[in-house]
Protein chains: 2
Amino acid sequence: MSTGWQEVQAEVLRRIQNREWPPGGLIPGEVALAREFGCARATVNRALQALADDGWLERRRRAGTRVALSPLRRAQMSVAVLRKEVEALGKTYGHRLLMRKVAGSLLCLQTLHEADGTPYGIEDREIDLTHIPAAGSADFTILSANEWLVQNAPFDHGNMSYMSEGATAFDARHLECEEATPLLVLYRETFSEAGRITRVRLAHAPGHVVRLQI
Amino acid sequence: MSTGWQEVQAEVLRRIQNREWPPGGLIPGEVALAREFGCARATVNRALQALADDGWLERRRRAGTRVALSPLRRAQMSVAVLRKEVEALGKTYGHRLLMRKVAGSLLCLQTLHEADGTPYGIEDREIDLTHIPAAGSADFTILSANEWLVQNAPFDHGNMSYMSEGATAFDARHLECEEATPLLVLYRETFSEAGRITRVRLAHAPGHVVRLQI
DNA sequence: AATTATTTGTGCGTATGTATC
DNA sequence: GGATACATACGCACAAATAAT
């Protein structure tokens with residue numbers, strides 16, 4: 001057994017997956033494992049730490065390290081830059097600013113996103129100009145608001161929701177589908193310390209799929 | 001400045017978010033930061049490592065550490081155990097096995113999931129008995145197939161897709177909605193080394209929302 | 001209820017490896 | 001090849017949490 005923490009991690013993971021160490025079971029302490037693997041305790045610690053971060057182990061001082069009861073697997077989803085999403089499909093991205101108006105401190109935008117010239121999604125967005133004043137003078141016909149904000153308005157936290165909705169008349173007109181066609185719709189809000197930066201509703205074209213690896 | 005790696009991490013993250021260290025920019029080396037923070041280089045290393053894991057930094061030997069160009073924020077989504085999902089809403093979970101049949105080496109199951117007695121989702125699943133023979137004799141009326149598999153069939157990898165579909169006649173009957181009502185539908189496949197363990201289609205009740213924090 | 005023993009958490013200093021400029 | 005910066009190892013020490021007594 002060589003002495004890298006990644007190798008220790010791999011071996012421990014193997015034992016978990018092979019049920020040599022069953023879910024809920026206590027595994028040997030760090031010193032014992034270090035002895036077994038012929039490495040320093042810090043190396044074992046690094047490996048177990050990483051496995052705990054990934055949800056395979058649950059560690060508590062004095063209580064020891066247990067194999068997680070339900071090794072919850074997680075999928076990661078990034079906050080999409082639609083241009084990259086489209087280009088990843090091998091298609092040409094385009095977008096058109098359909099509407100821009102200011103209502104009080106809110107900048108309201110409607111943008112149609114296209115892939116190879118066909119509608120990809122229709123976006124309805126509000127940006128708070130008190131928090132992002134630069135947005136008032138940005139030219140969203142060049143860089144879409146979606147991409148401009150990712151680059152220029154770093155956020156603290158936010159939330160996303162996916163829902164299934166029937167196409168509204170507005171959706172149907174721009175996505176070139178029948179009204180009430182089932183659409184995958186994304187809502188997203190992002191916040192800085194000061195408050196909400198932007199809120200967006202993005203209705204994807206019919207048949208759109210959100211894929212995740214787990 | 002105290003000397004914990006978490007504090008170093010917090011301070012570095014603050015500088016990234018405040019643009020004191022702009023995207024794409026090179027940040028000071030580990031030794032310099034260790035000097036500044038008055039701690040060991042290993043402590044700085046731990047902090048930067050963690051930030052790199054979270055996508056804030058990109059590190060390359062000899063090239064130094066840079067602030068990620070697009071600090072892509074990621075949302076995590078766990079592979080749902082529906083019972084926990086329902087209970088997290090403060091509702092009572094229930095499930096009913098509607099159909100069980102064996103076709104060749106495939107075990108086919110249909111399960112209705114309920115929250116407080118109302119339909120939550122309708123699941124259509126195939127399990128490969130050659131890979132998970134124990135599934136053939138499991139009683140899925142007690143523990144749902146969803147939960148049984150999470151506990152008994154650890155998987156290597158898999159994929160999930162979310163789509164928007166109109167309710168089929170089958171969906172509509174069990175979810176107590178009109179046909180063609182827009183539904184959020186989840187498809188998931190999981191694999192072990194040997195091959196595909198299970199494939200599932202889960203149609204959520206109308207109005208279902210998938211929420212993610214970012 | 002207080003004490004002790006055990007286990008993980010995390011720090012330090014140091015040494016060496018390794019990729020890359 | 002040499003210099004540089006990160007990657008990761010080692011051994012040690014002490015802190016913090018908590019199970020066991």
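Throughout, a chain's letter reflects where its sequence line sits, starting with A, and its residues are numbered from 1. Please read all numbers here as calculations on a predicted model, not as lab measurements.
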Establish, with yes or no, whether the OP1 or OP2 oxygen of C:dT8 is under 4.0 angstrom from a side-chain nitrogen or oxygen of A:Arg41.
no
Phosphate-side-chain proximity, B:Arg59 and D:dA5, N/O vs OP1/OP2 below 4.0 Å:
no
A:Glu30 CD to C:dT10 C1': how many Å, rounded?
11 Å
Spacing between B:Glu58 atom CD and C:dA19 atom C1', to the nearest angstrom:
17 Å
Quickly work out the B:Trp5 CH2 to D:dA15 C1' distance and round it to whole Å.
16 Å
With nearest nucleotides of DNA chain D determined for A:Arg61 and A:Val44 from heavy-atom distances, which residue corresponds to the more 5′ nucleotide?
A:Val44
B:Arg14 atom CZ: more than 12 heavy-atom contacts under 6.0 Å:
yes
Tell me whether the rings of B:Tyr162 and A:Tyr162 are parallel (<30°), tilted (30 to 60°) or perpendicular (>60°).
parallel
Whether the side chain of A:Asp128 engages the backbone of A:Thr130 through a donor-acceptor N/O pair (distance < 3.5 Å, no angle test) should be reported.
yes
Should the heavy atoms of other residues, nucleotides or ligands under 6.0 Å from CZ of A:Arg211 be counted, would the total exceed 12?
no
Is any side-chain N or O of B:Gln49 closer than 4.0 Å to OP1 or OP2 of D:dC6?
no
Which is more 5' along DNA chain C, the nucleotide nearest A:Gly64 or the one nearest B:Arg46? Just name the residue.
A:Gly64
Using a cut-off of less than 4.0 Å, is there contact between a side-chain N or O of B:Thr43 and OP1 or OP2 of C:dT10?
no
Measure from CG on A:Asn45 to C1' on D:dA13 and round the result to the nearest Å.
14 Å
Please state how far atom CG in B:Leu57 lies from atom P in D:dA5, giving the value in whole angstrom units.
17 Å
Testing D:dA7, C:dA5, C:dT10 for proximity to the side chain of A:Arg62, the answer is C:dA5
Whole angstrom is fine here: how far is it from CG in B:Asp53 over to P in D:dA7?
10 Å
Using whole Å, report how far CG of B:Leu26 lies from C1' of C:dC21.
12 Å
If you assign A:Arg60 and A:Ala42 each to the DNA chain D nucleotide with the nearest heavy atom, which residue ends up on the more 5' nucleotide?
A:Ala42
Integer-rounded Å distance: C:dG9 P and B:Glu7 CD
18 Å
Could you check if a side-chain atom of B:Ile16 sits within less than 4.5 angstrom of a side-chain atom of B:Leu57, using non-hydrogen atoms only?
yes
When you measure from the side-chain N and O atoms of B:Thr65 to the phosphate of D:dC6, is any distance below 4.0 Å, counting only OP1 and OP2?
yes
